Amino acid sequence: MSKTFFDHQAYFSSQLDHLKEEGRYRVFAELERKAGDFPHARQHVNGEVRDVTIWCANDYLGMGQHPKVIDAICEAMRTYGTGAGGTRNISGTSHEHVLLEQELADLHGKESALLFTSGYVSNWAALGTLAGGIPDCVVLSDAGNHASMIEGIRHSRAERRIFKHNDLTDLERHLKEIPPERPKLIAFESVYSMDGDIGNIKGICDLADKYGAMTYLDEVHAVGMYGPRGGGIAEREGLMHRLTVIEATLGKAFGVVGGYIAASRELCDYIRSFASGFIFTTALPPAIAVGARVAVSHLKHSDMERQRQRRAVTKVRAALRAIGIPMLENESHIVPVMVGNAAKCKMISDVLVEKYGIYIQPINYPTVPKGTERLRITPSPFHTDEDIARLAHALSDLWNHCALSRAVA
Ligand SMILES: *Cc1c(COP(=O)(O)O)cnc(C)c1O
């Protein structure tokens with residue numbers, strides 16, 4: 001008798017076709033970033049190589065090419081070798097991990113910090129363990145939260161209430177409905193990366209105090225960038241001590257890789273002791289910990305990178321405003337250029353790189369809501385006036401070509 005088995009290959013193909021039909025299939029740009037020449041890079045396309053200027057990196061300050069960071073990592077690799085050699089528990093804890101955790105605790109004015117292999121893992125593991133471990137915990141989650149927070153909360157299986165993005169009235173409405181004695185955790189971000197808007201940290205901390213909730217703040221897009229020592233928006237606003245947990249990455253403004261939380265000694269020890277995503281994975285290479293510590297420490301003392309980055313943002317915004325390219329206004333370092341149509345957004349991105357050597361990845365659904373498709377531009381301290389002029393010129397051409405409307409100045 002012949003049996004009919006499930007055709008898994010056909011299933012994969014049909015799912016991919018479906019993504020392509022919807023215009024949601026992701027195509028990666030294959031780049032060679034060149035240290036010392038950021039934001040310029042080479043791109044490989046079908047066996048050919050072309051020069052491009054990157055306008056969408058999250059290495060916001062160019063710390064990924066900072067000579068101090070590179071030298072420190074190279075030297076540490078020679079000293080310690082490549083990998084950590086184990087999980088933190090089984091021979092993988094290097095003196096350098098401990099030093100970096102101290103540097104990060106100090107950055108956020110907390111007793112302790114705990115490293116993870118990425119920011120994604122830190123959110124997933126810390127939120128999953130907190131909300132899953134504390135009996136009967138309710139998580140109040142901002143509607144704009146990053147996928148890593150959503151997955152962590154989902155993994156915890158705790159009750160989850162989603163409040164309207166950055167809406168204190170809606171948050172309070174939820175808090176009022178939860179009995180005072182029930183444990184609560186409010187999870188939110190400081191700089192939201194797609195719109196570049198900033199969470200109301202003080203307002204949320206006030207509500208947390210009023211209703212006895214813990215607070216969990218993702219400062220991934222703010223560390224290194226804001227505050228006198230690069231401690232993020234909470235540092236800038238003098239609010240770090242009011243947050244239960246501050247979470248961030250070492251892979252964006254700090255230019256390396258890894259994630260962490262900073263919190264009380266007991267909370268970090270609890271996550272260290274119970275989080276599967278911390279315990280059962282090989283520690284970051286010690287040399288990476290060295291590079292991250294050098295980057296964090298450098299940005300505690302040097303404001304030059306932040307100043308130059310801000311100057312570039314101001315110039316880009318001015319250049320695009322002058323020619324009526326519609327941007328989302330915000331008070332952060334992220335410049336969202338609104339296209340509002342998935343096909344046009346992808347097409348503009350393709351032509352930008354093919355014809356002008358300007359690489360900006362299109363941001364489409366589901367990363368942003370349908371109808372708000374955009375080019376997310378991230379100026380760096382290393383984009384020159386000439387780079388900015390070329391960007392404005394190219395966008396102007398394309399806006400004409402695609403018959404997109406311009407903003408009225
Ligand atoms: C990128 C990102 C993360 C994940 O950090 P990685 O270090 O890249 O894993 C977490 N939260 C937010 C808001 C992010 O944008």
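Here the structure is a predicted model, which is why all the values come from computation and not from measurement. All ligand and atom numbering here is 1-based and tracks the order in the structure.
For residues 240-272, the set of pairs meeting the ring pair (Phe, Tyr, Trp, His ring centres under 6.0 Å) definition, not counting sequence neighbours, comprises H108-Y260, Y270-F274.
The ligand atoms of ligand 1 that sit less than 4.0 angstrom from a heavy atom of E189 are 13 (C). Close contacts between ligand 1 and G119 involve ligand atoms 4 (C), 5 (O), 6 (P), 7 (O), 9 (O) [criterion: under 4.0 Å to a heavy atom].
Cation-pi contact between R310 and Y226: present, with separation from the ring centre below 6.0 Å and deviation from the ring axis of at most 45°.
In this structure, S148 has a heavy atom closer than 4.0 Å to ligand 1.
For ligand 1, the polar-atom distance check against S193 finds no nitrogen or oxygen pair separated by under 3.5 Å. Taking distance alone, with nitrogen or oxygen atoms compared against 3.5 Å, E247 stays at or beyond that limit from ligand 1.
Counting heavy atoms under 4.0 Å from ligand 1, residue N123 touches it through the side chain alone. With a 4.0 Å heavy-atom cut-off, ligand 1 is reached by the side chain of H221 but not by its N, CA, C or O.
Taking both residues in full, the closest heavy atoms of M194 and I363 are given as SD-CG2, 3.7 Å, listed atom of the first, atom of the second, then distance.
For E30, there are no salt bridge (charged side-chain N to carboxylate O under 4.0 Å, His left out) partners at least two apart in sequence or on another chain.
H221 has its ring centre no less than 6.0 Å from the ring centre of Y192.
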